[in-house]
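Quick note on labels: first sequence line is chain A, next is B, and so on, each numbered from 1. Quick caveat, the model's predicted, so the values are computed rather than measured.
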Amino acid sequence: MPELPEVETVRLGLKKLLVGKQLDNIKHDWPKSFPNAVTDVENFAIGKNIINIRRRAKVLIIDLNSQYSFVIHLKMTGQMVFRSEAYNFGAGHPNDSLIGNLPDKSTRVDIAFTDGSHLFFNDQRKFGWMRLMPTTMIQELDFFKKVGPEPLSKTFTPAVLVERLNRRSRSAIKAVLLDQTVLAGIGNIYADESLWGAKIHPLTTVCDIPKNKLKTLHQEIQFVLKLAIEKGGSTDKNYVDAEGKKGSYMDFARVFRREGLSCPRCGTIILKIRAAGRGTHLCPKCQKLPR
DNA sequence: CACTTGACCTGTCCGC
DNA sequence: TGCGGACAGGTCAAGT
C-alpha cells in the first residue's frame, strides 16, 4: 500500500509511541511475514529496547539496543499499529479508524512490550514482511545498495532528477518514476499525481520531455509528497497510521482514482489507462503525448 | 538489455 | 444469491 508519505507517517507515529519500550514477547504465524530464527529473536530482540525508528525509501527500520533492527516492508496492505493494551478498540475515532479489536485475522506479528502495550503487524495480502537482522547488515541488502535518492532530501535538486531519469532515458516516464533504483519512495499514487502536476503524459519517453517540464516535475514530486505527509498519507483502502487512523490525501488527489470525474484544472474527463502494468490516471487535455 | 508478464496472497466489486 | 474474473498502494524473477 504505502508509498513514501504513508511510511513516513507511520514512522513519525511509531517514533512517538515506541522509543524506549522493552520487548517482552513476539508471536507470529506466517513464516514469510516474519522469517526469523527463534534463537535470534530470543538473543537479540526479547528483553531489548527500541532506540530509534528510521525510514529509507518505503522501508521502515526499528533499531534495538542489541545492534539488531527490524527491517519492515509493508508492500500493498501492511499496517503497523500500536495499542496501549491488546484486545482493546482503536483510538476512538469511529470515522477515522479502519480496524477495531487487535489482533485480528490479518495480524501476522504481535509484539508485546513489558508495559503491556503491543505493536501489531497486520497484512491482509501477506506480501509484506518484517525481519530481524544486525543493524550494520541493512546497508548490505541488495535493495539498499541499489535504491535511488530520497526525493525530499536537500541534495535532491532538479539536476539530480534529470541525471537519475536519464538512466532510463528511452523508457516511459511513469515506469521510470516507479523504479526504486531511479528514485526512492514514489509509487502509483504519487507518480500519477506529480505527472498531472507537471502536465506530462505518463507514456512520454523520458528523452522527449522538455527541460522546463522536468523542472516542474521536480517541484511537483516534492509538493505532492510533502502535502501527502501533511495529510497523513493516502487511504484508498487499507492504509492506516501507527494509531490505526486513515490518511486524508485522497481528498486532495487531482487524478488518482478520479477516472470519469473532471480535471480540476481544465474540466476534461479524467481517463484511466494501463502504463507499466499499473492503472494510470491522467487528463487527456492537460497531459498530451509529444508528436 | 529493456520491457512485459507472472507470482506472491486475500478481499472486494462488477457483470452475468 | 452464486460464481468467475478483474483488480488493488509493491517488488522480484522469469520470459520475450
Side-chain angles (χ1 to χ4, degrees), chain A residues 1-10 28-35 55-60 71-80 98-99 103-109 121-131 141-148 165-195 202-207 221 224-225 228-229 231-241 246-260 272-281:
Chain A
M1 48 164 39
E3 306 179 26
L4 186 157
E6 290 73 31
V7 180
E8 181 63 12
T9 302
V10 172
H28 51 96
D29 65 345
W30 188 256
K32 286 184 181 172
S33 299
F34 190 76
R55 178 191 63 75
R56 175 76 170 99
K58 300 171 190 169
V59 177
L60 268 176
V71 180
I72 301 160
H73 202 307
L74 300 172
K75 292 285 180 85
M76 302 281 260
T77 57
Q79 307 168 325
M80 296 296 294
L98 267 178
I99 48 181
D104 65 18
K105 66 177 174 179
S106 294
T107 300
R108 308 299 167 211
V109 184
F121 173 37
N122 267 33
D123 186 16
Q124 182 184 96
R125 289 175 74 179
K126 299 179 176 174
F127 290 172
W129 45 263
M130 66 184 291
R131 58 176 300 189
L141 292 173
D142 253 18
F143 177 87
F144 283 89
K145 282 190 190 164
K146 293 191 294 191
V147 71
L165 294 182
N166 278 335
R167 295 159 59 103
R168 292 186 59 185
S169 63
R170 299 180 30 171
S171 302
I173 182 68
K174 169 87 184 239
V176 179
L177 288 178
L178 294 177
D179 183 342
Q180 300 297 294
T181 70
V182 172
L183 289 182
I186 296 176
N188 210 30
I189 298 174
Y190 304 108
D192 285 4
E193 290 290 293
S194 44
L195 288 172
L203 295 177
T204 313
T205 305
V206 167
C207 59
I221 288 170
V224 158
L225 294 177
I229 293 170
K231 301 302 174 191
S234 295
T235 296
D236 184 24
K237 216 171 166 251
N238 294 278
Y239 167 75
V240 291
D241 70 9
K246 298 179 189 177
S248 67
Y249 178 85
M250 289 297 269
D251 298 342
F252 300 82
R254 288 111 16 125
V255 282
F256 192 80
R257 284 294 149 72
R258 297 192 74 251
E259 64 270 29
K272 184 174 180 182
I273 65 170
R274 207 113 192 123
R278 317 293 301 276
T280 297
H281 311 75

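The same atom, P, is picked in C/dA6 and in B/dT5; the two are 14 Å apart, to the nearest Å. Across the P atoms, C/dG5 and B/dA7 are found 15 Å apart, a figure rounded to whole Å. Taking atom P in both B/dC9 and C/dA14, the straight-line distance is 16 Å, to the nearest Å.
Interface remark: the A/R125 side chain does form a donor-acceptor pair with the C/dA8 base, using a distance-only criterion of under 3.5 Å.
Proximity of A/Q180 to the phosphate of C/dT11: a side-chain N or O atom is located under 4.0 Å from OP1 or OP2. Here A/H73 does not reach the OP1 or OP2 of C/dG10: none of its side-chain N or O atoms lies under 4.0 Å away. Taking 4.0 angstrom as the limit, A/K272 places a side-chain polar atom (N or O) nearer than this to OP1 or OP2 of C/dA8. Within the structure, every side-chain polar atom (N or O) of A/K237 is placed at least 4.0 Å from both OP1 and OP2 of C/dA8. The phosphate of C/dG10 (OP1 or OP2) has a side-chain N or O of A/K58 nearer than 4.0 angstrom.
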**Study point:** From CA spacing to verdict: side-chain hydrogen bond (donor to acceptor under 3.5 Å, both in side chains), A/Y239, A/E3
**Key:** CA-CA 10 Å; A/Y239 167 75; A/E3 306 179 26; over 6 Å; no

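Under the 4.5 Å side-chain criterion, counting only non-hydrogen atoms from C-beta, A/T9 is not in contact with A/K231. Side-chain atoms of A/R254 and A/E193, non-hydrogen and from C-beta on, do get closer than 4.5 Å to each other.
Here B/dC9 presents its P atom at 16 Å from CH2 of A/W129, a figure rounded to the nearest Å. Whole-Å rounding puts the A/Q124 CD to B/dC8 P distance at 18 Å. The distance from atom CD1 of A/I273 to atom P of C/dA6 is 20 Å, rounded to the nearest whole Å. Computed from coordinates, the A/F127 CZ to C/dG9 C1' distance equals 11 Å when rounded to whole Å. The CD1 atom of A/I186 sits 14 Å away from the C1' atom of C/dG9 (whole-angstrom rounding). Counting to the nearest Å, the C1' atom of B/dT10 and the CE atom of A/M76 are 11 Å from each other. Per the geometry, CG belonging to A/D142 stands 11 Å off C1' belonging to C/dC12, to the nearest Å. Between A/M130 atom CE and C/dT11 atom C1' the separation is 19 Å, expressed in whole Å.
Checking B/dC9, C/dT11, C/dG9 against the side-chain heavy atoms of A/F143 singles out C/dT11 as nearest. Side chain of A/W30, nearest nucleotide from B/dG11, B/dC9, C/dG10: B/dC9. When distances run from any side-chain atom of A/F256 to the nucleotides C/dG9, B/dC8, B/dG11, the shortest one goes to C/dG9.
Base pairing of B/dC8 is made with C/dG10, judged by Watson-Crick or G-U wobble geometry with both donor-acceptor distances under 3.5 Å.
As judged by a 4.0 angstrom heavy-atom cut-off over every strand, A/R274 is placed among residues touching the sugar-phosphate backbone only. Using a 4.0 Å heavy-atom criterion, one finds that A/S234 contacts the bases of the nucleic acid, with or without backbone contacts as well. A/G128 comes within contact range of no nucleotide atom at all, as no heavy-atom separation falls under 4.0 Å. Nucleic acid contact for A/G277: none, since no nucleic acid atom lies under 4.0 Å from a heavy atom of the residue.
Between the CE atom of A/M76 and the CG atom of A/D123 there is a distance of 10.5 Å, given to the nearest 0.5 Å. Going from atom CD of A/Q124 over to atom NZ of A/K237 covers 5.5 Å, rounded to the nearest 0.5 Å.
Between the side-chain ring of A/Y239 and the base of C/dG9, no stacking contact exists by the 5.5 Å and 30° definition.
In this structure, A/H73 and A/W129 have tilted ring planes: the angle between them lies in the 30° to 60° band.
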